[in-house]
Amino acid sequence: MANKEGSSEIVVGKCNSERVKMKNKSLTTIESLPDELVFNILVRLPAEDIYNDAMLVCWKWYRTIHARNFIDSHLRHSTPGILVRNFNCKNNDSVIVSMRQDRVVLSEFSYKFTGGGPWSCCNGLIVEYDYSKRSLRITNPAIKQHFAIPQFIRPRAHVICPSIAYSAASKEYKVVLTYGISDGDSCVPRLAILTVGVDQSWRDVCTPQLSEDMIIVAPFISEGFIHWPLERTHVLTLNVATEVVTQTPLPEGCDSGFKFYLSTGKNLSLFVRCTVFSLEVWDLESESGEWTKMNNIDLESQKSKFEGVYCKKNSRRFVLIPTVWLKCKEVLVFRFQRPTGVFFAYNVRTHGIDWFELDHTCHFRNFELHTNSLVWLT
């Protein structure tokens with residue numbers, strides 16, 4: 001009797017255990033996960049993984065991923081990298097340079113450019129040239145979407161340089177073209193704007209502040225602004241929301257010496273070379289047009305490292321050139337003036353240096369800050 005009762009207890013316990021397992025299983029299905037938990041998990045995934053895999057799991061995830069607040073939150077959680085496209089070399093493929101745990105990571109950029117570009121990047125959107133249609137288009141490589149831009153036709157127009165920027169006020173993207181109109185022996189600078197998804201044709205912006213140098217100078221994009229450094233004395237800035245162009249003189253004492261400009265993503269940085277291994281740094285607040293002096297970058301104590309690396313690749317005298325900011329002005333990437341394929345990332349906070357190398361046969365590269373995002377235009 002005792003044995004039977006013992007057996008009975010074992011059987012009952014086993015049944016209860018199975019019921020608990022079945023109950024727990026039903027409670028942990030994908031559909032039953034709290035919305036907030038799903039949101040916080042998905043928003044931290046790479047854009048490609050979300051688009052190729054997570055979006056297809058169930059309708060609940062699909063709806064979450066396509067919500068505007070999710071796309072905006074995912075963009076804020078994403079860290080930009082450097083999109084590097086090689087030209088005129090054995091390997092024209094593009095790569096992404098990013099930072100992970102204070103180390104440089106190189107990864108293949110899976111999207112293959114079929115035309116010219118990338119000309120400009122903003123929030124994961126890229127302006128490129130579509131040779132098949134002889135016009136510009138906007139592409140988001142992560143979600144494999146393209147948007148055709150109306151053709152730009154102006155008699156005698158040449159050297160067309162496009163940029164894309166986002167107006168937070170109107171929640172619209174605008175493509176801006178700088179171009180020149182031949183007028184005898186001179187070239188008259190022009191600026192044209194197209195609001196994506198709204199305008200069917202290009203609008204010219206008339207302002208007396210335009211300069212011929214804008215046609216050949218690559219612009220820098222910050223949040224809602226496009227900058228053109230001109231004539232070594234000032235910067236022209238277009239407010240994308242108001243479409244007003246303003247002129248900002250350089251900080252006092254910065255009108256001489258070699259200068260370099262970079263976008264931080266939010267503002268414009270100015271570097272003035274003091275010596276081969278040191279730079280004076282200024283930051284332009286786009287909205288107010290005010291310059292702020294930042295800490296100088298001084299690499300004199302580490303120059304033996306650069307000389308040792310460079311001399312192995314090239315016997316000529318070298319110059320260090322700031323190339324792009326990473327991690328919101330925490331890491332500054334440098335390259336050498338002479339093409340060697342050698343780069344290094346300098347952490348301005350810890351003063352640490354990490355080296356990386358790209359295809360040394362390439363004599364021309366395009367560098368753009370790029371974020372893999374889910375952003376689209378509809």
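These numbers were taken from a predicted model, which means no experiment stands behind them.
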- prompt: Which heavy atom in Leu56 sits nearest to a heavy atom in Asn52, and how many Å separate them?
  reply: CD1-O, 3.4 Å
query: Can you tell me how far the CH2 atom of Trp119 sits from the CD atom of Glu368, to the nearest 0.5 Å?
result: 10.5 Å
- request: Please check if the side chain of Glu285 supplies one atom and the backbone of Glu287 the other of a donor-acceptor pair under 3.5 Å.
  value: yes
Side-chain (Arg103) to main-chain (Met99) donor-acceptor, under 3.5 angstrom: no
message: Checking Val348 against Asn295 for the side-chain contact (heavy atoms from CB on, under 4.5 Å) test, could you report, in this order, the C-alpha distance in whole Å, the side-chain angles of both residues, the deciding distance, and whether it holds?
response: CA-CA 9 Å; Val348 298; Asn295 292 330; over 6 Å; no
query: Is Asp35 salt-bridged to Lys60, going by a charged N under 4.0 Å from an acidic O?
result: yes
- prompt: Would you say the side-chain atoms of Trp325 and Ser269 include a donor-acceptor pair closer than 3.5 Å?
  reply: yes
message: For a quick test of reading the model, state the closest non-hydrogen atom pair linking Val217 to Pro229 and the distance between them.
response: CG1-O, 3.7 Å
- prompt: Does the ring centre of Tyr62 sit less than 6.0 Å away from the ring centre of His66?
  reply: yes
message: Nearest 0.5 angstrom please: Ile297 CD1 to Leu320 CG, how far?
response: 11.0 Å
task: Report yes or no: does Lys174 contribute a side-chain atom to a donor-acceptor pair with the main-chain N or O of Val240 at less than 3.5 Å?
output: yes
- prompt: Has the side chain of His74 got a donor or acceptor atom that lies under 3.5 Å from a matching backbone atom of Leu45?
  reply: yes
query: Can you check whether Pro249's main-chain N or O pairs, donor with acceptor, with Trp291's side chain at less than 3.5 Å?
result: yes
message: According to a hydrophobic-cluster definition based on side-chain heavy atoms being under 4.5 Å apart (Ile, Leu, Val, Met, Phe, Trp, Tyr only), do Leu270 and Leu284 belong together?
response: yes
query: Between Leu136 and Leu177, is a side-chain contact (heavy atoms from CB on, under 4.5 Å) present by the stated rule, with each step listed?
result: CA-CA 11 Å; Leu136 296 169; Leu177 294 181; 3.8 Å; yes
- prompt: Roughly how far, to the nearest 0.5 Å, is CG of Asp49 from CE of Met55?
  reply: 12.0 Å
message: Between Ser222 and His227, is there a side-chain donor-acceptor contact under 3.5 Å, judged purely by atom types and distance?
response: yes
message: Within the 4.5 Å heavy-atom criterion, are Val244 and Thr207 side-chain neighbours or not?
response: no
Lys293 NZ: over 12 foreign heavy atoms closer than 6.0 Å: yes
- prompt: Among side-chain atoms of Trp282 and Glu280, is any donor-acceptor pair under 3.5 angstrom?
  reply: yes
message: Given 3.5 Å as the limit, does a donor-acceptor pair link the side chain of Lys259 with the main chain of Gly257, or not?
response: yes
- prompt: Between Arg203 and Asp199, does at least one N-O distance fall below 4.0 Å, as a salt bridge requires?
  reply: yes
query: Is a donor on one side and an acceptor on the other found under 3.5 Å between the side chain of Asn347 and the backbone of Arg349?
result: yes
query: How far apart are the closest heavy atoms of Ala192 and Phe152, and which atoms are they?
result: CB-CE1, 3.8 Å
- request: State, to 0.1 Å, how close Ser263 and Gly265 come at their nearest heavy-atom pair, and which atoms those are.
  value: OG-N, 3.0 Å
field: Non-hydrogen side-chain atoms of Ser73 and Phe39 separated by less than 4.5 Å
entry: yes
field: Plane angle bin for Tyr129 and Tyr131 - parallel if under 30°, tilted between 30 and 60°, otherwise perpendicular
entry: perpendicular
Axial cation check for Phe258 ring with Arg273, 6.0 Å and 45° limits: yes
- prompt: Is Val235 reachable from Leu230 through a run of hydrophobic residues whose side-chain heavy atoms are each under 4.5 Å from the next?
  reply: no
- prompt: Side chains of Asp204 and Tyr179: donor-acceptor distance under 3.5 Å anywhere?
  reply: yes
task: Please state whether the rings of Trp376 and Phe147 are parallel, tilted or perpendicular, taking 30° and 60° as the class boundaries.
output: perpendicular
- request: Please answer whether the main-chain N or O of Thr79 pairs with a side-chain N or O of Thr371 as donor and acceptor at a distance below 3.5 Å.
  value: no
query: How far does CD of Gln151 sit from CG of Asp130, to the nearest 0.5 angstrom?
result: 10.0 Å
query: Considering all heavy atoms of both residues, which atom of Cys254 and which atom of Val272 are nearest to each other, and what is their separation?
result: SG-CG2, 3.9 Å
- request: Return yes if some donor-acceptor pair links the side-chain N/O of Ser211 with the main-chain N/O of Met214 below 3.5 Å, else return no.
  value: no
task: Find the distance between CD1 (Ile96) and CG (Asn372) and round it off to the nearest 0.5 Å.
output: 6.0 Å
query: Does some side-chain heavy atom of Leu268 sit less than 4.5 Å from a side-chain heavy atom of Asp283?
result: no
field: Side-chain touch Phe367/Val84, heavy atoms, less than 4.5 angstrom
entry: yes
- prompt: Passes ring pair (Phe, Tyr, Trp, His ring centres under 6.0 Å), Tyr346 versus Phe344? Steps please.
  reply: CA-CA 6 Å; Tyr346 173 70; Phe344 68 91; 7.4 Å; no
message: I want to know whether Phe343 and Phe334 have ring centres closer than 6.0 Å.
response: no
task: For the pair Glu300 and Thr275, evaluate side-chain hydrogen bond (donor to acceptor under 3.5 Å, both in side chains) and give the outcome as yes or no after the intermediate values.
output: CA-CA 9 Å; Glu300 289 285 350; Thr275 69; 2.8 Å; yes
Thr139 side-chain N/O to Pro141 backbone N/O, donor-acceptor pair under 3.5 Å: no
- prompt: Given side chains that start at C-beta, do those of Phe356 and Leu106 come closer than 4.5 Å, heavy atoms only?
  reply: yes
statement: Looking only at heavy atoms, the pair that brings Gly180 and Cys187 closest together is CA-SG, 3.5 Å
- prompt: Does one hydrophobic cluster hold both Val105 and Val97, with members joined at side-chain heavy-atom distances below 4.5 Å?
  reply: no
- prompt: Given side chains that start at C-beta, do those of Ile149 and Lys133 come closer than 4.5 Å, heavy atoms only?
  reply: no
query: With sequence neighbours left out, what residues match Glu290 under side chain to side chain donor-acceptor pair (under 3.5 Å)?
result: none
task: Could you walk me through whether Ile215 and Thr178 pass the side-chain contact (heavy atoms from CB on, under 4.5 Å) test, one step at a time?
output: CA-CA 6 Å; Ile215 305 170; Thr178 51; 5.5 Å; no
field: Close side-chain approach of Pro150 and Ser201, heavy atoms under 4.5 Å
entry: no
- prompt: Looking at Ile221, Val245, Thr246, which hits side-chain contact (heavy atoms from CB on, under 4.5 Å) with Leu238?
  reply: Val245
field: Exercise: do Ser286 and Glu223 side chains pair donor with acceptor under 3.5 Å
entry: no
- prompt: Under 4.5 Å between any side-chain heavy atoms of Tyr173 and Thr195, yes or no?
  reply: no
- request: Look at the aromatic rings of His146 and Tyr111 and report parallel, tilted or perpendicular, splitting at 30° and 60°.
  value: tilted
task: Give the intermediate values and the outcome of side-chain contact (heavy atoms from CB on, under 4.5 Å) for residues Ile226 and Thr237.
output: CA-CA 6 Å; Ile226 302 177; Thr237 299; over 6 Å; no
message: Rounded to the nearest 0.5 Å, what separates atom CD1 in Ile82 from atom SG in Cys121?
response: 12.0 Å
query: Can you hop from Ile65 to Leu125 via hydrophobic side chains spaced under 4.5 Å?
result: yes
message: Using the rule that Ile, Leu, Val, Met, Phe, Trp and Tyr join whenever any side-chain heavy atoms are under 4.5 Å apart, tell me whether Val375 and Val127 fall into a single cluster.
response: yes
